[in-house]
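Below you'll find the structure, written out as structure tokens, and then a few comments.
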Amino acid sequence: MKIVTFNVNGVRARMDTLLEWLERTDPELVALQEIKIQDIDFPKSAFEKIGYHCYLNGQKSFNGVAILTKGEARLSKKILPGNSDDQQARFIEVYYKNKRFICIYLPNGNPKGTEKFVYKLEWMDRLNEYCNEALKYEEEVIILGDFNVIPQNIDCKYPAQWAQDALFDPQVRKKFNYLLNLGYLDAIRILDESNSIFTQWDYRDRAWEENNGVRIDHILLSPNAADKLEYSWIDTTLRNQIKPSDHVPVWALLSTK
């Protein structure tokens, strides 16, 4: 089973590229972030025409997540438990082929010292509690998305540039590592420990041309799902397209046995 996560940075802005990419690469399940569109306005028919079922948690102009599946899935949740007042569309969960897929768009948190950073830490605490609870059911749990976390120094080109950024804050990295300590597996890092494998490059300051990127898009696998991991990779080809997202897709291949 080929699965992929991709922060598209606006579905409307990437439709032609997105549809061509999906037809060419043929993933079984797709987790999208920053769709930046309400559910009612999402172009479902275009994706259904190429064989996908669409499960949405959209929001006008900001945020928004979606999961696309080749076969029919069961929508489980659209709200991360723990804060009934949270109105931001950052979470969606489906069950598909006996696996539990969670797509997230974790808050950026910048600037530090503001409510945005407090919200990020609180959101991560809720996610960690939820993912810890999920392990009790011994299911295959796969968490995909834009975590807005740079886990290690090797996940950015110039660590000193990120020292004061919420993506690289010690508290943030500690909360991300909490998931790894629970037993969730970083699907990319378990197979590739090299430097300079990034998933996002800023549009400014020739970041793409000079490979000044960060690795903030991740696929985490529960122990039962990790047993099925055959391969993982980052596909940078879309970053060279006209009007690209600043992120690129992250893939994993899971055995169906």
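For Asn98, the CG atom sits in a loose shell: 12 or fewer heavy atoms of surrounding residues, nucleotides or ligands are nearer than 6.0 Å. The number of heavy-atom neighbours closer than 6.0 Å to CZ of Arg204, taken from other residues, nucleotides and ligands shown, is 12 or below. By the 6.0 Å contact criterion, CD on Glu129 is open, its count of non-hydrogen atoms from other residues, nucleotides or ligands being 12 or less. Within 6.0 Å of atom CD in Gln161, more than 12 heavy atoms from other residues, nucleotides or ligands are found, so the atom counts as buried in its surroundings. Counting non-hydrogen atoms of other residues, nucleotides and ligands closer than 6.0 Å to CD1 of Ile79 gives a total of 12 or fewer. Counting heavy-atom neighbours within 6.0 Å of Asn153 CG, excluding the residue itself, gives a total above 12.
Asn181 contributes a side-chain N or O that, together with a main-chain N or O of Asn177, makes up a donor-acceptor pair within less than 3.5 Å. Side chain of Lys44 to backbone of Tyr52: no donor-acceptor contact under 3.5 angstrom is found. Side chain of Asp205 to main chain of Ala207: no donor-acceptor pair is present (N/O by atom type, distance under 3.5 Å, no hydrogens or angles). In this structure, the side chain of Ser232 engages the main chain of Ala187 through a donor-acceptor pair within 3.5 Å. Checking side-chain atoms of Asn63 against main-chain N and O of Gln59 turns up no donor-acceptor pair under 3.5 Å. No donor-acceptor pair under 3.5 Å is formed between the side chain of Lys97 and the backbone N or O of Gly71. Checked by atom type and distance alone, the side chain of Asn224 pairs as donor or acceptor with a backbone atom of Glu138 at under 3.5 Å. In this structure, the side chain of Ser222 engages the main chain of Glu139 through a donor-acceptor pair within 3.5 Å.
Summarising the geometry, atom OH belonging to Tyr178 is positioned 10.5 Å from atom CG belonging to Leu127; distances are rounded to the nearest 0.5 Å. Of the inter-residue distances, the one linking Ile234 atom CD1 with Asp192 atom CG reads 7.5 Å to the nearest 0.5 angstrom. Asp146 CG to Arg90 CZ: the interatomic distance, rounded to the nearest 0.5 Å, is 9.0 Å. A distance of 6.5 Å separates CG in Leu254 from CG in Leu229, rounded to the nearest 0.5 Å. Interatomic distance, NE2 of His247 versus CG of Asn7, reported as 3.5 Å (0.5 Å rounding). Atom CD1 in Ile35 sits 10.5 Å away from atom CZ in Arg12 (nearest 0.5 Å).
Across all their heavy atoms, Arg14 and Val8 have their closest contact at NE-O, 2.9 Å. In terms of heavy atoms, Pro244 sits closest to Leu238 at CB-O, 3.4 Å. Nearest heavy atom pair, residue Val149 against residue Met124, reads CG2-CE, 3.9 Å. When every heavy atom of Phe198 is checked against every heavy atom of Val248, the shortest pair comes out as O-CG2, 4.2 Å. Taking every heavy atom of both residues into account, Pro111 and Thr114 meet most closely at O-OG1, 2.6 Å. Taking all atoms of both residues into account, the shortest heavy-atom contact from Lys157 to Glu210 is NZ-O, 2.6 Å.
Salt bridge annotation for Glu193-Arg189: absent, with no cationic side-chain nitrogen under 4.0 angstrom from a carboxylate oxygen. A salt bridge is defined here as a Lys NZ or Arg NE, NH1 or NH2 lying under 4.0 Å from an Asp or Glu carboxylate O, and Arg215 with Asp186 meets this definition. Between Asp26 and Lys2 there is no salt bridge, since no side-chain N of the basic residue sits under 4.0 Å from a carboxylate O of the acidic one. Asp41 has no carboxylate O lying under 4.0 Å from a charged side-chain N of Lys60, or vice versa, which leaves the two without a salt bridge. Under 4.0 Å is where a charged nitrogen must lie from a carboxylate oxygen, and between Lys136 and Glu133 at least one such pair does.
Tyr203 belongs to no hydrophobic cluster, as no Ile, Leu, Val, Met, Phe, Trp or Tyr side chain comes under 4.5 Å of its own. Phe168 forms part of a hydrophobic cluster together with Ile150, Trp162, Leu167, Val214, Ile216, judged by ILVMFWY side-chain heavy-atom separations under 4.5 Å.
Aromatic pair Phe176/His218: ring centres closer than 6.0 Å.
Residues passing the side-chain hydrogen bond (donor to acceptor under 3.5 Å, both in side chains) test with Glu140, sequence neighbours excluded: Lys99, Lys228.
Among pairs with a residue in residues 226-246, those fulfilling ring-ring contact (aromatic ring centres under 6.0 Å, His included) read Tyr231-Trp233, Trp233-Trp251, at least two apart in sequence or across chains. Sorted by first and then second residue, the ring-ring contact (aromatic ring centres under 6.0 Å, His included) pairs with a member in residues 58-93 read Phe91-Tyr130; sequence neighbours excluded.
Both Leu22 and Phe42 are part of a single hydrophobic cluster, where members link through side-chain heavy atoms under 4.5 Å apart. Residues Leu179 and Val172 share a single hydrophobic cluster, defined by chaining ILVMFWY side chains whose heavy atoms lie under 4.5 Å apart. Ile50 and Met15 fall within the same hydrophobic cluster, where Ile, Leu, Val, Met, Phe, Trp and Tyr residues are linked whenever their side-chain heavy atoms come under 4.5 Å apart, directly or through other members. Taking hydrophobic clusters as Ile, Leu, Val, Met, Phe, Trp and Tyr residues chained together by side-chain heavy-atom distances below 4.5 Å, Ile143 shares a cluster with Leu180.
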Give the intermediate values and the outcome of side-chain hydrogen bond (donor to acceptor under 3.5 Å, both in side chains) for residues Thr199 and Asp217.
-> CA-CA 6 Å; Thr199 65; Asp217 304 88; 2.6 Å; yes

Can Leu144 and Ile3 be said to form a side-chain contact (heavy atoms from CB on, under 4.5 Å), step by step?
-> CA-CA 9 Å; Leu144 313 92; Ile3 64 173; 4.0 Å; yes

Applying side-chain contact (heavy atoms from CB on, under 4.5 Å), run through Leu32 and Leu68 and close with a yes or a no.
-> CA-CA 8 Å; Leu32 300 176; Leu68 315 180; 4.1 Å; yes

Trace of the salt bridge (Lys or Arg N to Asp or Glu O under 4.0 Å) decision for Glu93 with Lys78 | CA-CA 6 Å; Glu93 175 185 272; Lys78 295 173 68 172; over 6 Å; no

List the steps, then state whether side-chain contact (heavy atoms from CB on, under 4.5 Å) holds for Asn148 with Lys120.
-> CA-CA 10 Å; Asn148 270 317; Lys120 177 173 189 154; 3.7 Å; yes

Can you list the steps and then say if Ile154 with Ile197 is a side-chain contact (heavy atoms from CB on, under 4.5 Å)?
-> CA-CA 8 Å; Ile154 60 173; Ile197 54 170; over 6 Å; no

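Asn240 and Trp208 form a side-chain donor-acceptor contact under 3.5 Å, judged by distance and modelled atom types alone. Using modelled atom types, one finds no donor on one side chain facing an acceptor on the other under 3.5 Å when comparing Glu72 with Tyr96. For the residue pair Gln33 / Thr5, a side-chain donor-acceptor distance below 3.5 Å is found, with atom types taken as modelled.
Within the 4.5 Å cutoff, the side chain of Thr25 has no heavy atoms near those of the Val4 side chain.
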Counting only pairs under 3.5 Å, give me each side-chain donor-acceptor contact of residues 101-110, with atom names and distances, residues two or more places apart or in other chains.
residue: Asn108; atom: OD1; partner: Asn110; partner atom: N; Å: 3.0
residue: Asn108; atom: OD1; partner: Asn110; partner atom: ND2; Å: 2.9
residue: Asn110; atom: OD1; partner: Ala166; partner atom: N; Å: 3.0
residue: Asn110; atom: ND2; partner: Asp165; partner atom: OD1; Å: 3.0
residue: Asn110; atom: ND2; partner: Asp165; partner atom: OD2; Å: 3.4

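Screening Asn212, Asn211, Asp246 against Trp201 for a side-chain hydrogen bond (donor to acceptor under 3.5 Å, both in side chains) leaves a single residue, Asn211.
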